[in-house]
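Let me begin by presenting the structure, written as structure tokens, before commenting on it.
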Amino acid sequence: MKAAFVTSVGKVEIRDISRPEPGKGQVLIRVRNAGICGSDLHLFLGTHAFRVPPAILGHEMAGEIAALGEGVEGWQLGEYVTVEPQLSCGTCAMCRQGRPNLCEKISVPGTPGWYGTFAEYFVAPVSCLYRMEKSLPFASAVLIEPFAVAVHALRNAKPGPEDCCVILGAGTIGLLCLVA
């Protein structure tokens, strides 16, 4: 399969690599669309906090289940899915405080042990999967994860109907905050 690797700072190559196989509790997803996030740009520029070359870009994705790993139940081949692109440990101080996004041992696509989504296929644990309606275009569905970030920000801010808000930045997340 083909995958887009940041091979060094400022350099991307399309490489042929072996198609991954889902392990226990995982599914193989045929990636139909993948979004470009600011964190992908940080990886490309060499400024990301923990994603470093060589790495496959991408974590915002939409696709369909192509294979089921051992023990996977409740999911079917061909189902349309997206993922929450992070695995938290569940035991560190941040996880125990209900803040798994700040997990001290967080794992995200594009780090050792978990390919990014700029590939023809992507393996994800079922704990990260979310079903999509088949009527939702894949090109729109890649915005589910960044929209979830915007909704999370809004829930944390808790603005009331009479409150005035300022959104700093008109990038994807800023515009999705406006929509939310």
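Every heavy atom of this structure was used, including side-chain atoms; hydrogens, water molecules and symmetry mates were not.
With sequence neighbours excluded, the residues forming a side-chain contact (heavy atoms from CB on, under 4.5 Å) with Ala62 are Met132, Phe138, Ala141, Val142, listed by chain and number. By the side-chain hydrogen bond (donor to acceptor under 3.5 Å, both in side chains) test, Asn156 is found to be paired with His152, residues two or more places apart in sequence or in another chain being considered. The side-chain hydrogen bond (donor to acceptor under 3.5 Å, both in side chains) check on Thr7 picks up nothing, with sequence neighbours excluded. The side-chain contact (heavy atoms from CB on, under 4.5 Å) search around Arg131 returns Trp75, Glu79, not counting sequence neighbours.
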Give the intermediate values and the outcome of side chain to side chain contact (heavy atoms under 4.5 Å, CB included) for residues Lys11 and Val6. CA-CA 6 Å; Lys11 186 172 181 187; Val6 172; over 6 Å; no
Passes side chain to side chain contact (heavy atoms under 4.5 Å, CB included), Phe5 versus Leu57? Steps please. CA-CA 6 Å; Phe5 277 84; Leu57 290 158; over 6 Å; no
Gln86 and Ser107: CA distance, side-chain angles, deciding distance, side chain to side chain contact (heavy atoms under 4.5 Å, CB included) verdict: CA-CA 6 Å; Gln86 67 178 23; Ser107 177; over 6 Å; no
Side chain to side chain contact (heavy atoms under 4.5 Å, CB included) between Cys128 and Leu87: does it pass, once the steps are laid out? CA-CA 8 Å; Cys128 296; Leu87 292 173; 3.3 Å; yes
Name every donor-acceptor pair, under 3.5 Å, that has one atom in a side chain of residues 16-24 and the other anywhere in the protein, sequence neighbours excluded.
unit_1: Asp16; atom_1: OD1; unit_2: Lys2; atom_2: NZ; d: 3.0

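To the nearest 0.5 Å, atom OG1 of residue Thr117 and atom CD1 of residue Ile29 are 9.5 Å apart. Annotation: the span from Ile36 atom CD1 to Leu41 atom CG amounts to 9.5 Å, rounded to 0.5 Å. The OG1 atom of Thr172 lies 7.5 Å from the CD atom of Glu60; values are rounded to the nearest 0.5 Å. If you take CD1 on Ile173 and SG on Cys37, they are separated by 6.5 Å, rounding to the nearest 0.5 Å. Annotation: the span from Ile167 atom CD1 to Leu176 atom CG amounts to 10.0 Å, rounded to 0.5 Å. Distance check, rounded to the nearest 0.5 Å: CD1 of Ile65 to CG of Leu77 gives 7.5 Å.
One hydrophobic cluster, built from ILVMFWY side chains closer than 4.5 Å, holds both Val72 and Leu129. Linking ILVMFWY residues whenever their side-chain heavy atoms come closer than 4.5 Å, directly or via other members, leaves Ile144 and Leu154 in distinct clusters. Ile56 and Val123 fall within a single hydrophobic cluster, where Ile, Leu, Val, Met, Phe, Trp and Tyr are joined by side-chain heavy atoms under 4.5 Å apart, directly or via other members. Note: the hydrophobic cluster containing Leu28 does not contain Tyr80 (ILVMFWY, side chain heavy atoms under 4.5 Å, direct or indirect links). Trp114 and Met1 fall into different hydrophobic clusters, defined by Ile, Leu, Val, Met, Phe, Trp and Tyr side-chain heavy atoms under 4.5 Å apart, directly or through other members.
Side chain of Arg30 to backbone of Tyr121: no donor-acceptor contact under 3.5 angstrom is found. With hydrogens and angles disregarded, no donor-acceptor distance shorter than 3.5 Å links the side chain of Thr82 to the backbone of Tyr130.
Shown here for Cys95 and Gly90, the closest heavy-atom pair between the two residues is SG-N, 3.3 Å. In this structure, Ala4 and Val12 approach most closely via the heavy-atom pair CB-CG1, 4.3 Å. Here the closest heavy-atom approach between residue Ser39 and residue His59 is recorded as OG-CE1, 3.1 Å. Scanning all heavy atoms of the two residues, the minimum distance from Phe122 to Pro109 falls at CZ-CG, 3.8 Å. Closest approach of Ala150 to Cys177, counting heavy atoms only: CB-N, 3.5 Å.
Note on residues 31-48: pairs passing salt bridge (charged side-chain N to carboxylate O under 4.0 Å, His left out), not counting sequence neighbours, are Arg32-Glu64, Asp40-Arg51.
In this structure, Val9 and Thr47 have side chains that are not in contact, with every pair of non-hydrogen atoms separated by 4.5 Å or more.
Within 6.0 Å of the CD atom in Gln97, the count of heavy atoms belonging to other residues, nucleotides or ligands exceeds 12. At most 12 heavy atoms of other shown residues, nucleotides or ligands fall within 6.0 angstrom of atom CZ in Arg99.
You'll find the ring centres of Phe44 and His42 outside the 6.0 Å limit.
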